[in-house]
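So the structure is just underneath, and the comments pick up after that.
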Amino acid sequence: MSETTVTVVGNVATTPVYRELPKGPVARFRLAATSRHFDRVRNEWVDGHTNFFTVWAWGALGTNVQGSLSIGEPVLVQGRLRVRDEERGGQHWTSADIQASAVGHDLSRGTTAFRRSRQERAVRQQDGDAPSFEIEPEKASGSRTESGSQAGNGSRTENGSPGGGEPRDGSERREPAAVG
């Protein structure tokens, strides 16, 4: 049987629940994906139907999801779709689950700071796949090139200001949870 792989763009709808199971760590959260279209008559964007998915992230992905995601954050999820039909208490229920292979913030709607987990760094060093240089995060953001021009990725926040650095909304930058 062929498996259905999907990529869903939406918002984290529930706080990720993290569990250590005999099969390994797992994180679960609900993802809300709302379609939008432009109404030419009203000259505005209109929300359509919202679909909800239960996302399951196993292993290191689950550990990283637990330490990285909060309610309301825009994310992209890629994984295998499983639609389940069941009877509970005399009622018919249909649910859509995604067994995630990748989860990340939607950078078209904001910025984020990537931090390699300790476990990933240790595996890369054991495999001899460690980078030959390290970029210090403080110097990478807003640093100057040899020609004196501003270095960076050119990203912009929602209000049009340059991305990177400290959050512009006055909130504190969240550090990822310690792993392993």
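Here the structure is a predicted model, which means the values were calculated and not measured.
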| field | Stepwise side chain to side chain contact (heavy atoms under 4.5 Å, CB included) check, Thr63 with Ser117 | value | CA-CA 10 Å; Thr63 303; Ser117 67; over 6 Å; no
Given the rule that I, L, V, M, F, W and Y join up when any side-chain heavy atoms are under 4.5 Å apart, are [X] and [Y] in one cluster?
| X | Y | value |
| --- | --- | --- |
| Val6 | Val65 | yes |
| Ile98 | Leu61 | yes |
| Val26 | Val55 | no |
| Phe53 | Leu69 | yes |

| Around Arg36, counting heavy atoms of other residues, nucleotides and ligands shown, do more than 12 lie under 6.0 Å from its CZ? |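 Counting neighbours around CZ of Arg36, more than 12 heavy atoms of other residues, nucleotides or ligands fall under 6.0 Å, so yes.
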| With Ser95, which residues qualify under side-chain hydrogen bond (donor to acceptor under 3.5 Å, both in side chains), at least two apart? | Arg84
Once you round to the nearest 0.5 Å, how far does [atom1] of [X] lie from [atom2] of [Y]?
| X | Y | atom1 | atom2 | value |
| --- | --- | --- | --- | --- |
| Asn11 | Leu31 | CG | CG | 7.5 Å |
| His49 | Asn51 | NE2 | CG | 4.0 Å |
| Ser68 | His105 | OG | NE2 | 6.5 Å |

Find out whether [X] and [Y] are in side-chain contact, i.e. whether some heavy atom of one side chain is under 4.5 Å from a heavy atom of the other.
| X | Y | answer |
| --- | --- | --- |
| Thr54 | Trp56 | yes |
| Asn43 | Phe38 | yes |
| Trp58 | Leu21 | yes |

Cut-off 3.5 Å, no hydrogens considered: what does the side-chain donor-acceptor table look like for residues 75-82, sequence neighbours left out?
residue	atom	partner	partner atom	Å
Arg80	NE	Glu3	OE1	2.6
Arg80	NH2	Gln99	OE1	2.8

Taking side-chain contact (heavy atoms from CB on, under 4.5 Å) as the test, write out the residues that go with [X], two or more places apart.
| X | result |
| --- | --- |
| Val17 | Arg19, Arg28 |
| Glu20 | Tyr18, Pro25 |
| Thr15 | Ile71 |
| Glu87 | His92 |

| Which heavy atom in Phe52 sits nearest to a heavy atom in Ala32, and how many Å separate them? | CE2-CB, 3.5 Å
| Closest non-hydrogen atom pair, Thr34 against Gly48 | CG2-O, 3.7 Å
